[in-house]
Each structure stands twice: as C-alpha cells, then as structure tokens.
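Accompanying notes for the structure given below.
Protein chains get the first letters and strands the later ones, always in sequence-line order, with residue 1 at the start of each.
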Protein chains: 2
Amino acid sequence: MTAVRELPLDQLLLGDAVEMMRMLPDASIDCVFADPPYNLQLRGELRRPDDSVVDGVDDDWDKFTDFAAYDEFSRAWLSEARRLMHKDATIWVIGSYHNIFRLGAIMQDLGFWILNDVIWRKTNPMPNFRGRRFTNAHETLIWAAREPKSRYRFNYQAMKSLNDDTQMRSDWTIPLCTGGERLRNQHGLKLHPTQKPEALLHRVILAATNPDDVVLDPFSGTATTATVAKRLNRHFIGIERHPAYVEAGWARLREMRAAPAHLTRPMPSRREAPRIAFGVLVERGLVPPGTLLHDRLRRVSATVAADASIIAGAHRGSIHQVGAAVQNAASCNGWTFWHIEREGRLVALDHVRETLRP
Amino acid sequence: MTAVRELPLDQLLLGDAVEMMRMLPDASIDCVFADPPYNLQLRGELRRPDDSVVDGVDDDWDKFTDFAAYDEFSRAWLSEARRLMHKDATIWVIGSYHNIFRLGAIMQDLGFWILNDVIWRKTNPMPNFRGRRFTNAHETLIWAAREPKSRYRFNYQAMKSLNDDTQMRSDWTIPLCTGGERLRNQHGLKLHPTQKPEALLHRVILAATNPDDVVLDPFSGTATTATVAKRLNRHFIGIERHPAYVEAGWARLREMRAAPAHLTRPMPSRREAPRIAFGVLVERGLVPPGTLLHDRLRRVSATVAADASIIAGAHRGSIHQVGAAVQNAASCNGWTFWHIEREGRLVALDHVRETLRP
DNA sequence: AGAACATCTGAATCTGGCA
DNA sequence: TTGCCAGATTCAGATGTTC
C-alpha cells in the first residue's frame, strides 16, 4: 500500500498501526479512539492489560528495558495519530495503571491538551484472588484535543440527556463485555482478551463526534469502535495487525445495521441553535415598543425602544448591556435577566423567545 | 535544623518538603501520603451561571513555568521520599489529570512499584459551568510500594469489613470536605484551598498501616493526615512551609483524641468477616471509633472500632453478630438493635444511616 | 417548631462568531 | 491575530431566612 490522498472510509486495514497511519493524509481525521497494547514482550508480541492480570506476568516487567521501549512505541503511534487529526479533532486513549501514566505524560509532551480523564467503573470486575490489593475495578480513559486552541466537539446536551438530565460526570459505570456481545471462537473461548463493551464506545462516539465524522481506531481488535461508529452513522477506519481479528471484525460489521440518520444526531444544544435577535421579538409584536421590562424581583425596570434597544434611566443599549449596567456587573445575559408581565406574572424574555423556535 | 538520627515523631515541621526530608534518616518511614501541588493552569476568572465568581486555586505554590519544571520538582521530592521509606513501605500520591500522569510515570521511572490506582469519586463535585467538558468528578490516587520485592502491608480484612463484606474496590465514593470539618478563618472563608476529607485518609491509613507505624506527609497543609493518624494511633510527621497552616494544624491536633488502641487494630485477617454496611458511618465521622452503642433499654452496650467492628465484653464482630451474641439469639438486625446517644436520647443506627441517603 | 425557600460553595486547565 | 460582545451555562449539600 502506498500513501493515499483519499481516506479509505469504512474499512478495516490489515497491518501495523504506525505503518498504516503513515499512508493516510494529514488533518483528515475527526476523532481517534485507541486501546493500545500495554507491553512489548521479547518476541515483539504485544500484550494487553487484562492478559497480564490473568497470567500474573505483571510482576515480571523489567522496568528499564520495557519502559523505554514502551515509551518509544507510544510516542511513535501518538505522533502519527496527531498528524492525522485536524486542528479541532480529539483523541481518546484507554489504559490501566500499567501504562496510562506513561501515555498521559507523553501526550502532554507531544502537545495534546487533556480535556478530561474519564473512569470506566466496571460493575462486574474480576475479583482480586490473592487479597493483596484493592479489586481493580476501573480503567482510565484520557480525552484530549489536538492542541490547547482546538475548538473541539462536545455534545453536551446529548451527554446530559444520556444521564437523566444532569451533567455527565467523569466516572462512567458500565459492565464488562460479556454474554452475547462477547465474540467467541468455535471452542467457546473468547476471541479477543480485552474486547471493550459497545456501551463504552457508544458514549465516546456520541460525546465527541457528529454523524458523518471519521473515527480512526489504530488498534482495532475485533472492530468494536467500527461497529458502534457504523450504528451511529459515523465513518470509521480500523487498523489491526492480526488477520483473525480483522476477519471477525468484518463479520461483525456485516451484522450491524445503522440506526436511522435522524436518531443519531446529537440532541440539539441551545448554543448551536439559530440565533434569534431581540429585535425579531420587537418586530413581530411579541415585545412591542414601549413594553416595560423588569428583573425577576422587580427591583429595576426598562423600556423597549422601536430599534430593540432598551432604556433604563441614563442607560441605553442592548438588553445585555443595560442589564449589566443596572447591576453594575461586567456582563449580563439579558434574555434571562429581563422579564415581561403576562397575566400578572413575570415571564423571562428567554421564554418568550421560545415561541419563535420550531 | 541539621540531620537527625531519631525521627521527630508526631510533629508538624515548618519548612520546604525536600529540605526537611533531607534531614531525616534513611528507611525510617512506614507509609507516605502526599498531596503535592497539582499544577493547575487556570487562565482567567470563571463565573457560575448565576454570575458569582468561582474561588479557584491561584496560590503561588501551584505555579510552575512548564512541565519540565514540574517534573524536576516532582522527581526531587519523590526521590527523597523513597530514600526515607524502608523496603516494605508504601506511598500514596493524589492528583488530577493535570499532574497525575507525570507523577505516575516518574514514580515508575524511580523504581516504585504501583499496586493500584484508586479513584476518589466525589459525591458532590463542582459542576462544569460552561458545559464544555464532563464534570470533573474524581481525583486519582496512586498506591505504590517502594520496590517490586516489597512485602507491603495491606489490611485486606479491614477493607473488606469497611465495604459491606465484599472486597474493597479501586473506586471510593466519598464526599468533599465541607461543613463543620472544613477549617475556616475569622471571615468564614476556607483556610486551605484543597483540604482533603478525613474519610479519605481514614481509608488510606487503615488500609496500609498498623498502629504505631510512622506516616509521613510532605505537603501537610492543615494536617488532615496527621489528625487521622493520631485518631488511629499511628505516628505522624507532617511537613508544611506555610506557617498559618502549621499553626492551624496544631490546633486541630489538640482537639483530636486518639481512639482506644485496641479499636484501631485492623480486623484479624483469619476471622470470618462480618456482613455489614456500617463502615461508611464510621469513616465519615457519624459514628467515630470509640462511640458507645446501646440497646433500646440500655441493658447492654458495645464500643465501635475503627474498622467498623464493635466490641461488647468478649464479643467482637459486626453490629449484627454482636447484637445476636449479647442476646443469645440466633440472629439480630444490628441496625435497629443498636442505638447511639444524641442530646440525651437514644437514636437507632438505622436512623443515623438515613442521613447519608438522598 | 418545622417546613419551605433562598443563598452559598467546592483542586476548574470552562465560549464562539464576527469584524 | 486581536478585540468585541452576544449569550450559554450548575449539582449536591450545608447553612441561613422566612412563613
């Protein structure tokens, strides 16, 4: 494969993460999700965190050789990922205490701007059999923008909606991937040691992308990221070096149907809603010239002029400017500060404005 | 001050962390708890939606020019701490995404052996006022042994007892330090910007030390670590460079009474652990160690231990077991059997527990 | 006295579009 | 790039005030 101009959209690419990423063009990716292997073994084999817990090999880590090799490997793929990300793109990286501190520090050194660390709290973690430590009941995700000035996407209202209408917190309680979702071979053994739950990717993708965005997973495994991306009408590119995983991933993708497009758009946020100027309310007679505006407790009032400026004593200007002036404040949201009287009760301008929205 | 041979036990030392640690002898400390500056990089004033100003951390001690400066500072104090720790000692370090990845990587580089990363889940975090990120609802603790071969202390049964008789997980749900526990100045403002809850230190110290062990806190602040260590009959050494904090710490220590020694020993590990959900009340100070419990008619009484077991005569165990034993009954609901005295009246534990529910 | 309501606050890397 | 300014944005819990 040689470098391509056009992105290979909705593909699982068989090959090494860094080598394959080198083929892709700069600034072409909207979001990266990466579940990197955590250790480099002597034969170049890559192991993942859960593997080490089961096998008990975590105690055998040779820190001097392996930390350096792991850091070099991490810098290589993170640098390539950063090149592929456009200015406002974000990246998610998941790991455990074995590797996440190194990954986080390297990301900061490369110029990524951490937005949150997010905890995946497992409802059903593997117990600690030897009773010598706390049950390892979580993994850590780092969510970062390409750079401090990125104007990154965050679907705040969608996350709030997903969480009973309160802000989504940095700790997510989600079960392990088990049961029918867990891919198995002919012998009923799990196909991949660390298959992530689709619920986790659902939240990641819904939080940080829009429909038709391109999500890259450089350690695709059995294509959980790609599968959820397809369901949510996002484009995906997966890279995986084990042919068996790629094959299983394609089979999984064939089974997945995308949800109807209108259901996968994030909950519209007020920030992104079309702006409605106060003048429109005046023009259309909802707040005719001469109307009296009051603050919530009727301590101050103002009069609406025909040009949608308002007048309070010596102050004249926008609803925001005059609201700030009468409070002696630096700034003010006039939409929520000012009210009009309707049937004897005060109603915020913000509420009046709602009647103009679809 | 010059180097000492004997440890200055149960003292708050006024001075710089690294300089003061240099005075102390090698391999003399059993456990370190460190809450270093987080290197927050706050760019401007932040206001709540109601336009009030958030009182952020703007202290000089949290100002570093860049990551390199922060790393150098971190390597210096972590190296000294490691020299002071004996072979089997452990260290706890708390931080947020701003600094914890750098700290974790440096700890690994210095030869510490990470045992767990532990998440402090805050029940009542400050929201994200701008709706641009996930609510920052947790902080991360790293628990590490001095070296891979350390035979470190972990009071497994005490942790299990504190957690409803199931293994203590790596995520701990504990509220912020507020209310009466929060130290304030004459004007009612918080004395220290980042005072940690005693419940957090209770769990840390109970998990990883024995009575009479020496706990070092190189960034002692208002002496939360020292205060909880005293309550649990551990020795402490606190280092703090701000005289006002040291003074407040001494005042706080004078108020604290150590619990009776036999109540602060961890639950014997061979013993069948009781089925309780009582530990949270002990940890949060609602039923502090040493509290006397009575039955409704004050015919029998028992004493609360730090690990939430209770003692009545020769009986020691859960509130349920001891309740059954003193009645010569097959079983007993300790929540309704045992009462504490409040303003001269007996209140059932079940009622005390209600205050922790929403 | 107690319920109902109002106010305050906590380790925070906290906006975006247009001229 | 910088400056201006419209306007979007909060949860749990403790404490204080009013009815």
- [ ] For nucleotides dT10(D) and dG16(C), find the distance between their P atoms and express it as a whole number of Å.
- [x] 15 Å
Task: Aromatic ring pairing Trp172(B)/Phe134(A), orientation class (parallel under 30°, perpendicular over 60°, tilted between) - done: perpendicular
TODO: Tell me the partner of dA14(D), counting only Watson-Crick (N1-N3 plus N6-O4 or O6-N4) or G-U wobble (N1-O2 and O6-N3) with both under 3.5 Å; none if nothing fits.
DONE: dT7(C)
Task: Base partner of dA19(C), which must satisfy Watson-Crick or wobble distances under 3.5 Å - done: dT2(D)
Task: Side chain Lys190(B) and base dA11(C) donor-acceptor under 3.5 Å - done: no
TODO: Take Ile319(A) and Asn128(B), find for each the nucleotide of DNA chain D with the closest heavy atom, and name the residue whose nucleotide sits nearer the 5' end.
DONE: Ile319(A)
Open item on the list: Categorize Thr194(B) for me: base, sugar-phosphate, or nothing, with a 4.0 angstrom heavy-atom threshold over every strand shown.
Closed with: base
- [ ] Check each of Tyr152(A), Phe33(A), Trp143(A) against Trp92(A) using the ring-ring contact (aromatic ring centres under 6.0 Å, His included) test, and report the only one that passes.
- [x] Trp143(A)
Open item on the list: Classify Gly44(B) by what it touches in the nucleic acid, base, sugar-phosphate, or nothing, heavy-atom distance under 4.0 Å.
Closed with: base
Open item on the list: Between dA11(C) and dT7(C), how far apart are the two C1' atoms, rounded to whole Å?
Closed with: 23 Å
Open item on the list: Measuring from the side chain of Pro127(B) (C-beta onward, heavy atoms only), which nucleotide among dA12(C), dT10(D), dG16(C) has the closest atom?
Closed with: dT10(D)
Open item on the list: Can you identify which nucleotide, out of dG7(D), dA11(C), dG13(D), has its nearest atom closest to the Trp335(A) side chain?
Closed with: dG7(D)
TODO: Return yes if a side-chain donor-acceptor contact under 3.5 Å exists between Ser301(A) and His294(A), otherwise no.
DONE: no
- [ ] Look at all strands and tell whether Arg47(B) reaches a base, only sugar-phosphate, or nothing, counting heavy atoms closer than 4.0 Å.
- [x] nothing
- [ ] Under 4.0 Å between any heavy atoms, over every strand shown, what does Pro125(B) touch: base, sugar-phosphate, or nothing? Just pick one.
- [x] base
Open item on the list: For a quick check of understanding: with a heavy-atom distance under 4.0 Å over all strands, which category does Asp51(B) fall into, base, sugar-phosphate or nothing?
Closed with: nothing
Open item on the list: Rounding to an integer number of angstrom, what distance separates dG17(C) and dT9(D) when you compare their P atoms?
Closed with: 14 Å
Open item on the list: I want to confirm an ordering. Mapping Gly131(B) and Thr178(B) to their closest nucleotides on DNA chain D, which one lands closer to the 5' end?
Closed with: Gly131(B)
TODO: Mind checking Ser318(A) for me? I need base, sugar-phosphate or nothing, with any heavy atom below 4.0 Å counting as a touch.
DONE: sugar-phosphate
Task: Gap in Å between the two P atoms, one belonging to dA19(C) and one to dG7(D), rounded - done: 15 Å
Open item on the list: Using a 4.0 Å heavy-atom cut-off, does Pro197(B) contact any base of the nucleic acid, only the sugar-phosphate backbone, or nothing at all?
Closed with: nothing
Open item on the list: If only side-chain N and O atoms count, and only distance matters, is there a donor-acceptor pair under 3.5 Å linking Ser52(B) with Asp50(B)?
Closed with: yes
Task: Nearest-Å distance once atom P is located in both dT13(C) and dA8(D) - done: 23 Å
Task: Selection from dG7(D), dA11(C), dG16(C) that lies nearest to any side-chain heavy atom of Arg151(A) - done: dG16(C)
TODO: Would you kindly check whether a donor in the side chain of Arg133(B) faces an acceptor in the base of dT13(C), or vice versa, at under 3.5 angstrom?
DONE: yes
Task: Euclidean distance, atom NZ of residue Lys160(A) to atom C1' of dA8(D) [Å, nearest integer] - done: 11 Å
Open item on the list: Tell me whether Trp113(A) and dT13(C) count as stacked here, given that the ring centres must be under 5.5 Å apart and the planes must differ by less than 30 degrees.
Closed with: yes
Open item on the list: Categorize Ile114(A) for me: base, sugar-phosphate, or nothing, with a 4.0 angstrom heavy-atom threshold over every strand shown.
Closed with: base
Open item on the list: Counting distance alone, no hydrogens or angles: does the base of dA12(C) have a donor or acceptor under 3.5 Å from a partner atom on the side chain of Asn136(B)?
Closed with: no
Task: Distance, C1' atom - from dC19(D) to dA1(C), rounded to whole angstrom - done: 12 Å
Open item on the list: Just to be sure I understand the rule, does Glu181(B) reach a base, reach only the sugar-phosphate, or reach nothing, if contact means heavy atoms closer than 4.0 Å?
Closed with: nothing
TODO: Please report the C-alpha distance between Arg82(A) and Met107(A) in whole Å, then the side-chain angles of each, then the deciding distance to 0.1 Å, and finally whether the side-chain contact (heavy atoms from CB on, under 4.5 Å) criterion is met.
DONE: CA-CA 10 Å; Arg82(A) 190 157 186 269; Met107(A) 288 173 72; over 6 Å; no
Open item on the list: Can you tell me the base-pairing partner of dT13(C)? Count Watson-Crick or G-U wobble geometry only, both distances below 3.5 Å, and say none if there is no partner.
Closed with: none
Task: Who pairs with dA8(D) - Watson-Crick or G-U, where each distance is under 3.5 Å - done: none
Task: Atom pair distance, as rounded to whole Å: CZ in Arg271(A) and P in dT15(C) - done: 8 Å
Task: Flag for His86(A)-Asp26(A): side-chain donor and acceptor within less than 3.5 Å - done: no
Task: Syn/anti label of dT15(D) as read from its glycosidic torsion, with the cut at 90° from 0 - done: anti
TODO: Check every strand shown and say whether Arg48(B) touches a base, only sugar-phosphate, or nothing at a heavy-atom separation below 4.0 Å.
DONE: base
Task: Minimum-distance nucleotide to Tyr156(A) side chain [options: dT9(D), dA6(D), dC14(C)] - done: dT9(D)
- [ ] Indicate the ring-plane relationship of Trp61(B) and His192(B), choosing parallel, tilted or perpendicular according to the 30° and 60° boundaries.
- [x] parallel
- [ ] Figure out the CH2/P separation between Trp338(A) and dG7(D), and round it to whole Å.
- [x] 16 Å
